[in-house]
K.L.:
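Okay, here's the structure, questions in a sec.
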Amino acid sequence: MEPSRYNAREAERKWQKIWDESGSFRTRNDDPRPKYYVLEMFPYPSGRIHMGHVRNYAMGDVVARFMRARGFNVLHPMGWDAFGMPAENAAMQNKTHPATWTYANIATMRAQLKSMGLSLDWSREIATCDPAYYKHQQKMFLDFLAAGFVDRKKSKVNWDPVDETVLANEQVIDGRGWRSGALVEQRELTQWFLKISEFAEDLLDSLEGLERWPEKVRLMQRNWIGKSEGLSLRFALEAADEASEIEVYTTRPDTLFGAKFLALAPDHPLAAKAAERDPELAAFIAECQRRGTSEATIETAEKRGYDTGLRARHPFDPHWLLPVYVANFVLMDYGTGAIFGCPAHDQRDLEFARAYGLGATPVICPPGVDPAAFEIKDAAYEGDGTLINSRFLNGLSSSAAKEEVAKRLESVKLGDAPQARRQINFRLRDWGISRQRYWGCPIPIIHCPTCGAVPVPLSDLPVELPQDVSFDQPGNPLDRHPTFKYVACPRCGGAARRETDTMDTFVDSSWYFLRFTDPWDVAEPTDPRAVRHWMPVDQYIGGIEHAILHLLYSRFFTRAMSATGHADELREPFAGLFTQGMVVHETYRAVDGTHLAPSEVRFETGPEGRRAFRLADGSPVEIGPIEKMSKSKRNTVDPDEIIAVYGADTARWFMLSDSPPERDVIWTEEGVQAASKFVQRIYRLVEELASLAAPRDAPIPNQFSPAAMDMRKAAHGALLRVEQDLSRLRFNRAIAQIYDLTNKISAAIGNIDSEQVPADLRHAFREAADIFVRLFAPMMPHLAEECWARLGHKTLVCEAPWPVADKSLIVEDMIGLPVQVNGKKRADLVIERDADNAAIEKAALALEPVRRALDGKAVKKVIIVPQRIVNVVA
RNA sequence: GCGGGCGUGGCGGAAUUGGUAGACGCAAGGGACUUAAAAUCCCUCGGCCACAAGCCGUGCCGGUUCGAUCCCGGCCGCCCGCACCA
């Protein structure tokens with residue numbers, strides 16, 4: 001008889017329709033079961049899904065289906081991060097409206113995701129470009145404004161000259177715009193800011209509690225927030241005619257007696273003042289500013305400065321005068337924009353001092369080093385130690401000296417205030433959200449010449465994007481739109497101008513997970529009851545590229561929403577975070593050096609290894625390095641094609657097998673084919689099982705033969721291990737267990753006389769089959785439904801409960817104990833599980849290989865680790 | 001430069017976290033079925049040795065331990081963050 005073939009295409013369509021019609025994945029907020037919220041980072045609707053999406057959403061779906069089977073009320077929603085610049089670029093290129101382009105992409109990608117068979121609650125779908133969504137975002141912006149979380153200030157911004165927009169610091173990579181790649185310029189603009197820095201302390205401290213986050217991500221956030229504890233310290237100036245002092249920030253007050261100079265940022269007000277009477281200094285400052293941040297990395301940061309002629313008095317010695325420089329390496333927007341330089345204990349200061357002949361007196365002696373012999377050569381000593389050359393501080397430790405300096409200077413007055421105060425600084429800056437773009441959420445503000453920045457009245461929300469715009473010139477079309485831009489002031493009715501900047505799209509994604517809890521609410525962004533019920537997200541899954549920005553902004557947003565009554569008492573949005581690896585693929589290069597797509601290459605595997613040839617003309621092809629799938633390298637694989645050829649289950653299975661989920665997975669043709677073969681193998685196996693298994697309602701036999709027991713043990717053992725692995729998101733290991741069980745079932749079937757299968761064995765097969773199908777159902781849901789039905793079930797496997805492992809079956813009467821002699825394994829001992837140590841020792845020593853290894857030597861000791869191992873020490 | 005992570009067969013990776021190294025999969029080789037191929041099934045598969053016995057083997061060197069892929073110290077290599085933050 002010809003074994004039947006599983007037709008994935010047909011079956012997948014069929015089961016997707018059935019799931020849809022039965023509403024299996026629709027989630028109700030009033031369901032009494034315990035909740036579980038699993039979420040994958042929602043996609044940007046770029047056009048089509050890629051393999052990275054397949055991997056990400058396959059993982060989330062396994063978690064969703066697994067937790068559903070384990071009795072949880074699972075929330076597993078999907079939406080679209082739909083605002084952003086590609087839509088405008090497309091508009092410019094193809095003369096399509098951004099909305100048209102975006103919604104067409106959403107339609108395509110929704111269909112693609114549906115073809116994957118994801119157990120999503122599509123009734124909660126949201127798109128951030130929908131006025132029904134961004135209306136709430138505008139309301140929250142106004143609430144934040146009222147609560148004091150919003151700031152409008154002039155600030156130096158990163159200006160992307162190609163995209164003609166402002167970029168956040170985080171969006172500038174190596175001095176270039178993260179999207180356009182253009183060199184970023186510095187410009188001064190008035191911008192809207194969200195005051196994330198006010199939450200810096202809490203955002204930092206709360207990282208401790210995020211135990212189910214990768215340590216790596218927590219560390220990255222910690223560094224990004226960049227807390228430092230130090231002293232804000234004022235130096236009096238020798239000539240106290242105009243500005244009388246300079247305030248610096250330092251984390252090393254213990255090195256104060258090693259100070260050789262003060263340095264100001266080029267854009268420090270005092271620098272500008274000094275430049276008024278010194279044209280050369282003005283020229284130096286101008287040069288520093290011209291370089292800006294963009295070239296800082298290109299110029300290997302040579303330390304340069306210019307002496308202002310000012311002299312500052314040392315806080316502990318009014319006769320000790322320090323030169324004041326303007327230096328290119330001092331940043332205006334960190335600390336006070338001024339530093340004191342201690343060349344012996346700061347590498348930058350040392351380089352600077354060497355260039356200008358300022359000397360370097362060591363004041364901290366490293367532990368275990370003779371102070372008399374200690375000198376500074378090429379490297380500053382930045383560690384802690386014992387104070388030297390520091391008058392009253394000599395002999396103190398760094399930390400005691402810091403404390404002493406702080407204490408003394410706190411109690412000394414300079415002018416009306418203490419000369420120093422302890423200060424905590426953060427690297428984290430406020431979040432500039434203004435973007436000079438059309439396709440984003442409008443900022444609901446109207447600028448009135450008499451009333452200032454006036455919030456748009458709630459009744460006028462949403463401020464909708466006008467449809468009639470054109471992209472045939474650069475810049476923001478909102479800024480030249482007659483009726484959008486020119487409006488009456490809501491307060492005085494006079495002629496006013498609407499804010500034409502839109503919000504950074506990271507704002508949109510900073511609260512979508514909250515919106516999912518009750519996306520139907522038209523009046524409010526969220527229903528606090530729904531938030532209380534569903535939040536936090538139990539398992540969030542996405543790419544490591546969002547380790548800082550998206551996750552930090554979301555953590556901030558959640559706090560700000562709580563403070564304004566939109567998120568109950570919630571502070572942390574994501575209890576569990578998992579960052580999955582990328583999908584990578586080999587690259588191929590033709591003789592002319594151009595990249596070739598996998599479909600253009602043919603392979604030959606011979607004794608000399610694997611070689612590749614171009615399909616078109618048979619010319620040799622160089623197999624290049626394995627890299628992230630990208631259009632430019634042409635090493636992408638289209639999920640649509642894969643699903644069309646092999647089916648969604650195969651694609652999902654392959655994406656989860658082999659590589660641990662946090663690591664990159666290599667897409668190979670062999671790998672998909674192996675997955676596809678396994679799908680067929682399962683189908684055939686279940687077909688056999690269906691004919692061998694006892695009916696579902698057959699009575700349980702009183703006794704099981706050894707063969708039947710083996711089958712039962714294999715099934716329950718696999719169940720236990722798969723359960724454990726899936727709980728920890730170790731999909732690759734769960735899959736290995738399923739392969740293993742498959743092999744065991746096949747072997748068991750191969751060993752029987754199919755004419756006469758005893759009832760107990762039939763029962764064991766029934767039990768194993770029902771377990772087996774449910775084990776792979778989270779990964780290959782369509783195939784599982786098909787198999788479940790073939791096994792005679794009338795229910796859906798996606799609604800079936802997870803099987804319960806019978807642990808008593810796993811416990812063996814006889815156990816195998818490896819026996820070592822002097823740490824080397826020599827034999828296996830099979831013995832009763834409850835044998836005592838004396839019996840084990842006796843049996844172990846009696847084993848032939850053990851005696852041979854001992855070779856007559858006296859046994860000194862026998863170490864027995866219960867249920868584990870025996871080690872004979874001779 | 002600073003911080004973090006990782007080095008296990010031809011390849012992806014397992015190893016109950018101090019207790020049988022190499023599960024499972026891929027690739028390769030051999031065989032069965034077939035006119036043939038595909039598909040399927042069976043066997044072999046870290047190295048040395050003719051089999052067995054045995055020896056060696058988790059990047060390298062050393063240490064702790066009855067026992068180390070796992071812990072400690074020192075090197076080497078790769079990957080990823082951050083980068084003048086005072």
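Keep in mind that this is a model prediction, so the values were computed, not measured. Reminder, nothing fancy here: chain letters follow the sequence lines and each chain counts from 1.
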K.L.:
Specify the residues of residues 651-665 of chain A, ordered by number, for which at least one heavy atom lies under 4.0 angstrom from an atom of RNA chain B.
P.N.:
D658(A), S659(A), P660(A), R663(A)
K.L.:
Select base, sugar-phosphate, or nothing to describe what D349(A) touches, counting heavy atoms under 4.0 Å on all strands.
P.N.:
nothing
K.L.:
Need one value for T668(A): base, sugar-phosphate or nothing, where a base atom within 4.0 Å counts as base even if backbone is also close, heavy atoms only.
P.N.:
nothing
K.L.:
Between U8(B) and C56(B), how many Å separate the two P atoms, rounded to a whole number?
P.N.:
22 Å
K.L.:
Reckon N732(A) has a side-chain N or O less than 4.0 Å from the OP1 or OP2 of A14(B)?
P.N.:
yes
K.L.:
One character per nucleotide, please: for nucleotides 45-63 of chain B, 5' to 3', B when the base has a protein heavy atom closer than 4.0 Å, S when only the sugar-phosphate does, - otherwise.
P.N.:
--------SSSS-------
K.L.:
Under a 90° cut-off about 0 for the syn range, is G54(B) syn or anti?
P.N.:
anti
K.L.:
Can you name the side-chain contact (heavy atoms from CB on, under 4.5 Å) partners of L219(A), sequence neighbours left out?
P.N.:
R222(A), N223(A)
K.L.:
Are E208(A) and R218(A) within salt-bridge range, i.e. N to O under 4.0 Å?
P.N.:
no
K.L.:
Which whole-number value in Å describes the distance from L549(A) CG to C82(B) C1'?
P.N.:
13 Å
K.L.:
Rounding to an integer number of angstrom, what distance separates U69(B) and C76(B) when you compare their P atoms?
P.N.:
23 Å
K.L.:
Pick the P atom in C26(B) and in C78(B), then give their distance to the nearest Å.
P.N.:
33 Å
K.L.:
Salt bridge check: are R252(A) and E382(A) linked by an N-O gap of less than 4.0 Å?
P.N.:
no
K.L.:
State whether D740(A) and K744(A) are salt-bridged, where the test is any N-O pair (Lys NZ or Arg NE/NH1/NH2 against Asp/Glu carboxylate O) under 4.0 Å.
P.N.:
yes
K.L.:
Counting distance alone, no hydrogens or angles: does the base of C66(B) have a donor or acceptor under 3.5 Å from a partner atom on the side chain of K860(A)?
P.N.:
no
K.L.:
For RNA chain B, what string of dots and brackets results from 5' to 3' when Watson-Crick and G-U pairs need both distances under 3.5 Å, crossing pairs get [ ], and pairs with another strand get |?
P.N.:
(((((((..(((......[....))).(((((.......))))).(((.....)))..(((((..]....))))))))))))....
K.L.:
Using the test side-chain contact (heavy atoms from CB on, under 4.5 Å), find all partners of A338(A) that sit at least two apart in sequence or belong to another chain.
P.N.:
I246(A), V248(A), L264(A), H268(A), T336(A)
K.L.:
Is the shortest side-chain N/O distance from Y739(A) to OP1 or OP2 of G25(B) below 4.0 Å?
P.N.:
no
K.L.:
Expressed as a whole number of angstroms, how long is the span from Y683(A):OH to U40(B):P?
P.N.:
16 Å
K.L.:
Please list every donor-acceptor pair under 3.5 Å in which a side-chain atom of residues 822-830 of chain A meets a protein atom from a residue at least two apart or in another chain.
P.N.:
unit_1	atom_1	unit_2	atom_2	d
N822(A)	OD1	A874(A)	N	3.0
K825(A)	NZ	D828(A)	OD2	3.0

K.L.:
Please classify the nucleic acid contact of V330(A) as base, sugar-phosphate, or nothing, using heavy-atom distances under 4.0 Å.
P.N.:
base
K.L.:
To the nearest Å, how far apart are M582(A) CE and C80(B) P?
P.N.:
8 Å
K.L.:
Looking only at atom P, what distance separates A23(B) and G73(B), rounded to whole Å?
P.N.:
32 Å
K.L.:
Please enumerate all residues that pass ring-ring contact (aromatic ring centres under 6.0 Å, His included) together with Y6(A), with sequence neighbours excluded.
P.N.:
Y683(A)
K.L.:
For E545(A) and C80(B), what is the distance between atoms CD and P respectively, to the nearest whole Å?
P.N.:
14 Å
K.L.:
ring-ring contact (aromatic ring centres under 6.0 Å, His included) with F235(A): which residues, sequence neighbours excluded?
P.N.:
none
K.L.:
What string of B, S and - do you get for nucleotides 16-21 of chain B, 5' to 3', when a contact is any protein heavy atom under 4.0 Å?
P.N.:
B--BB-
K.L.:
Could you state the OH-P distance from Y249(A) to A86(B), rounded to the nearest angstrom?
P.N.:
6 Å
K.L.:
With sequence neighbours excluded, tell me which residues meet side-chain contact (heavy atoms from CB on, under 4.5 Å) with Q423(A).
P.N.:
S232(A), Y249(A), R421(A), N425(A)
K.L.:
Figure out the CZ/P separation between R5(A) and A38(B), and round it to whole Å.
P.N.:
15 Å
K.L.:
Need one value for L331(A): base, sugar-phosphate or nothing, where a base atom within 4.0 Å counts as base even if backbone is also close, heavy atoms only.
P.N.:
base
K.L.:
Test side-chain hydrogen bond (donor to acceptor under 3.5 Å, both in side chains) on Q419(A) and R234(A) and set out the steps.
P.N.:
CA-CA 6 Å; Q419(A) 186 157 14; R234(A) 289 178 302 137; over 6 Å; no
K.L.:
Between G335(A) and M220(A), which residue's closest nucleotide on RNA chain B lies nearer the 5′ terminus?
P.N.:
M220(A)
K.L.:
What integer number of Å spans the C1' atoms of A14(B) and U65(B)?
P.N.:
25 Å
K.L.:
How far, in whole Å, is G67(B) from A53(B) if one measures between their P atoms?
P.N.:
25 Å
K.L.:
F731(A): what forms a ring-ring contact (aromatic ring centres under 6.0 Å, His included) with it, not counting sequence neighbours?
P.N.:
none
K.L.:
Parallel, tilted or perpendicular: which describes the rings of F261(A) and Y325(A), with under 30° parallel and over 60° perpendicular?
P.N.:
perpendicular
K.L.:
Is a salt bridge present between D333(A) and R429(A), judged by a nitrogen-to-oxygen distance below 4.0 Å?
P.N.:
yes
K.L.:
Mind checking what makes side-chain contact (heavy atoms from CB on, under 4.5 Å) contact with E211(A), not counting sequence neighbours?
P.N.:
none
K.L.:
With distance as the sole test, does N635(A) use its side chain to make a donor-acceptor pair with the main-chain N or O of S630(A) at under 3.5 Å?
P.N.:
yes
K.L.:
Between H550(A) and E545(A) (side chain of the first, backbone of the second, donor and acceptor by atom type, cut-off under 3.5 Å), is there such a pair?
P.N.:
no
K.L.:
Does K677(A) or K861(A) map to a spot on RNA chain B nearer the 5' end, using the closest nucleotide for each?
P.N.:
K677(A)
K.L.:
Could you give the CD-to-P distance, from E670(A) to G25(B), as a whole number of Å?
P.N.:
16 Å
K.L.:
Mind telling me if U17(B) is syn or anti? Syn here is a glycosidic angle within 90° of 0.
P.N.:
syn
K.L.:
How far, in whole Å, is C43(B) from G10(B) if one measures between their P atoms?
P.N.:
23 Å
K.L.:
Please measure how far the C1' atom in U58(B) lies from the corresponding atom in G77(B), and state the result in whole Å.
P.N.:
16 Å
K.L.:
Can you tell me how far C1' of A83(B) sits from NZ of K303(A), to the nearest Å?
P.N.:
11 Å
